[in-house]
Amino acid sequence: MAQKPSIPKGTRDFSPEEVNKRNYIFEIIKRNFVKYGFQPIETPSFENYETLMGKYGEEGDRLIFKILNSGDFLSKVKDDTFAEKDSQKMTPQIVEKALRYDLTVPFARYVVQHQNEIEFPFKRYQIQPVWRADRPQKGRFREFYQCDADVIGSESLWQEVELVQLYDDVFTDLKLGGTSIKFNNRKILTGMAEVIGESDKLIDFTVALDKLDKIGKDGVINEMLSKDISQEAIEKINPIFDAKGDNKAKLEVLNTILKESTIGQKGIEEVQFILDTLQEIPLQSATLELDITLARGLNYYTGAIFEVAAPENVKMGSIGGGGRYDDLTGIFGLKNMSGVGISFGLDRIYLVLEELGLFPTSAEAKTKIIFINFGEKEALYALKAITKLRKENISAELYPDAAKMKKQMNYANKREIPFVVLAGTSEIEAEQFTLKNMKTGEQELVDFEGLKSRILDYV
RNA sequence: GUGGUUGUAGCUCAGUUGGUUAGAGCGCCUGAUUGUGGUUCAGGAGGUCGUCGGUUCGAGACCGAUCUUCCACCCCA
């Protein structure tokens, strides 16, 4: 090899084994999406630059992969822009497409564009890769899959309840116990900012608050101070730093702090509703935890916010997230469309399942039987049997070349194919097959029905 | 975007203060065994030491740049 080929930073190739395991997760998620009445859509991998920019905050804009225009794009740049050598200023003049950053904004665009064909409330699911120009690290890639389910066109809180159930159903099916669905409400955070008189610094406030369990109370206070949030303001919400215990205890703290805030009270009501309902219909394997410091960066959320934490013994960022956004389609010109949705981070779920050894062996769909190729006549005899086996939905193969026996056996062994058929002149004459069980090494002479039943018994 | 870290055979890794022809295990290929794999034995192939440049009589080793790996920050699935 002159030069070893490679793939871009933060991207991966997937081996057959890995794809099988990924499909296992995809299928469980998809099955549950369908079970809850969501319908699939797909959108292009790249959107117009303008569609994506400004929807994810400043940080998000930086992480969007931009696609350079085709042709002699530099000649179209204005001379003064060119002379300035300012990449940010030049970008809009040389870029008009970008890879999608998530599935929610493309979905909003889709809804606006197809509003006349859509029956609202519209429940859609979407499983596609997204791209971020981030620096890779544990559980973080530049290309990864999101599995989203959103409902748009209804303000009903029953949707929030159902989405929590959906999370629980998926993690239960994956046998992934111990996940924690953390939730909060943006109205509560807005209320807090309002009560302390720092409404204009809502984003800075929530971003700092979100780090409580990571950098501690002092760390959060320092960050807030550095963002010009006053000492008195921080004092006022001091109780939330120490709010511990169950959901009920936390709600009490909130009730005290947000007494004066209409929006804050609304948030508490919403949280209360979700908690009360799920008290009546308990979850199976996940726990629902009110986390009053949970903020999430995306600034389009307006109501409920969700984030799913992997089981405690696994070091991994969130494996899912979501929330309510009252005005996502507003930026594309469709007002009064409230939506709520959740997302599963497939690649992180994969890492968690791998670490905990939770992939079933059946996640590896394999060939069950392979026929040794002894030559033209024998191969035809074999292929006739294989054709019939495949009609029975049994994965069967013919070794394509009349290679040495040793080589063919070796191939079967390496591929972990459980049965090998040897059918030469004598078997053909007797309309039989020599079936070898690769695990035990035993061989027996059987007819076609015998072949079929041995394999079906094995599975 | 900031800081650190990694790169030697297909894989996992040795390689002494800079000194002949860069090693091991596993894997791979061939044969023992032309209708029997996984075990055993014998033999064999495979490396511009990530890349480019510099220091030196001499660089896998030292220096610089760059790419890549992993990790932390920022942010996030």
Between B:C76 and A:Arg135, counting only base atoms on the nucleotide and side-chain atoms on the residue, is there a donor-acceptor pair under 3.5 Å?
no
Without decimals, in angstroms, what is the distance between A:Arg140 CZ and B:C71 P?
11 Å
For B:A77, is there a stacking contact with A:Phe144, counting only centres under 5.5 Å and planes under 30°?
yes
Phosphate-side-chain proximity, A:Lys315 and B:C71, N/O vs OP1/OP2 below 4.0 Å:
no
For a quick check of understanding: with a heavy-atom distance under 4.0 Å over all strands, which category does A:Gly317 fall into, base, sugar-phosphate or nothing?
nothing
Over how many whole Å does the gap from A:Tyr301 atom OH to B:C76 atom C1' extend?
11 Å
Salt bridge flag under 4.0 Å for residues A:Asp173 and A:Arg31:
yes
A:Ile428 atom CD1 is separated from B:G35 atom C1', nearest whole Å, by 13 Å
B:G3 versus B:G10 - spacing of their P atoms, nearest Å
34 Å
Give none if B:C41 has no partner; otherwise give the nucleotide forming a Watson-Crick or G-U wobble pair with it, both distances under 3.5 Å.
B:G31
Has A:Lys436 got a side-chain N or O lying under 4.0 Å from the OP1 or OP2 atom of B:U36?
no
Once you apply a heavy-atom cut-off of 4.0 Å, does A:Gly441 come out as touching a base, just sugar-phosphate, or nothing?
base
For nucleotides B:A24 and B:A32, find the distance between their P atoms and express it as a whole number of Å.
26 Å
Base paired to B:G18 (Watson-Crick or G-U; both N/O distances under 3.5 angstrom)
none
On RNA chain B, compare the nucleotides closest to A:Gly10 and A:Gly139; which residue's is nearer the 5' end?
A:Gly10
Taking atom P in both B:G38 and B:U33, compute the distance separating them and give it to the nearest angstrom.
15 Å
Which residue lies more 5' along RNA chain B, comparing A:Lys214 with A:Ala133 via nearest heavy atoms
A:Ala133
Nearest-Å distance for atom pair NZ/P, residues A:Lys9 and B:C70
11 Å
Taking the six-membered ring of A:Phe14, is NZ or CZ of A:Arg22 closer than 6.0 Å to its centre and within 45° of its axis?
yes
Looking at A:Phe65, does the NZ or CZ of A:Arg142 lie under 6.0 angstrom from its six-membered ring centre and within 45 degrees of the ring axis?
no
Distance-only donor-acceptor test (3.5 Å): side chain A:Arg132, base B:A77
yes
For atom CD1 of A:Ile64 and atom C1' of B:C76, their distance in whole Å
13 Å
Re B:G64: Watson-Crick or G-U wobble partner, both distances kept under 3.5 Å, found to be B:C52
Do A:Arg62 and B:C75 have a side chain to base donor-acceptor pair shorter than 3.5 Å?
no
Could you please name the partner base of B:U69, counting Watson-Crick and G-U wobble pairs only when both distances are under 3.5 Å?
none
Rounded distance (Å) that lies between atom P of B:C76 and atom CZ of A:Phe65
17 Å
Using only modelled atom types and a 3.5 angstrom limit, is any donor from either the side chain of A:Glu427 or the base of B:G35 paired with an acceptor on the other?
yes
Flag the pair A:Lys201 and A:Asp228 as a salt bridge only when some basic side-chain nitrogen lies within less than 4.0 angstrom of an acidic carboxylate oxygen.
no
Measure distances between side-chain N and O atoms of A:Asn413 and base N and O atoms of B:G37, and say whether any donor-acceptor pair falls under 3.5 Å.
yes
Using a cut-off of 4.0 Å on non-hydrogen atoms, how would the nucleic acid contact of A:Leu422 be classed: base, sugar-phosphate, or nothing?
base
Regarding A:Phe141, tell me which of base, sugar-phosphate or nothing describes its non-hydrogen contacts under 4.0 Å with the strands shown.
base
Given side chains that start at C-beta, do those of A:Tyr101 and A:Leu63 come closer than 4.5 Å, heavy atoms only?
yes
Given B:C71, B:G37, B:A77, the nucleotide with the shortest approach to the side chain of A:Gln146
B:A77
Does A:Phe241 have A:Lys217 sitting over its ring (NZ/CZ under 6.0 Å from centre, angle to axis within 45°)?
no
Please confirm whether the shortest side-chain N or O distance from A:Lys414 to OP1 or OP2 of B:C28 is below 4.0 Å.
yes
With rounding to the closest Å, how many angstrom separate the C1' atoms on B:C70 and B:A9?
23 Å
Has the side chain of A:Gln408 got a donor or acceptor that lies under 3.5 Å from a partner of the other kind on the base of B:U36?
no
Whole-Å distance separating the CD1 atom of A:Ile372 from the P atom of B:U34
15 Å
When you compare B:U68 with B:U2, how far apart are their P atoms, in angstrom units rounded to a whole number?
14 Å
Can a side chain N or O of A:Gln137 be found less than 4.0 Å away from OP1 or OP2 on B:C70?
no
OG1-CE distance between A:Thr91 and A:Met53, expressed to the nearest 0.5 angstrom
7.5 Å
Span that lies between the P atom of B:C13 and that of B:C29, in whole angstrom
24 Å
Side chain of A:Asn410 only, please: which of B:C71, B:G38, B:C74 is the nearest?
B:G38
What are the two closest non-hydrogen atoms of A:Pro311 and A:Val352, and how far apart are they?
CD-CG1, 4.2 Å
Taking any strand in view, what nucleotide pairs with B:G25 in a Watson-Crick or G-U wobble way, both distances under 3.5 Å?
B:C11
Answer yes or no: does a side-chain N or O of A:Lys404 lie under 4.0 Å from OP1 or OP2 of B:U36?
no
Same-atom distance (C1') from B:G46 to B:G25, integer angstrom
16 Å
In Å, rounded to the nearest 0.5 Å, how long is the span from CZ of A:Arg186 to CZ of A:Arg324?
14.5 Å
What nucleic acid atoms does A:Gln443 come within less than 4.0 Å of, heavy atoms only: base, sugar-phosphate, or nothing?
base
When the distance from CE of A:Met405 to P of B:G38 is rounded to whole Å, what number comes out?
12 Å
Which part of the nucleic acid, if any, lies within contact of A:Ser318, taking any heavy atom under 4.0 Å across all strands shown: a base, the sugar-phosphate backbone alone, or nothing?
sugar-phosphate
C1' atom, B:A42 versus B:G4: distance in rounded Å?
50 Å
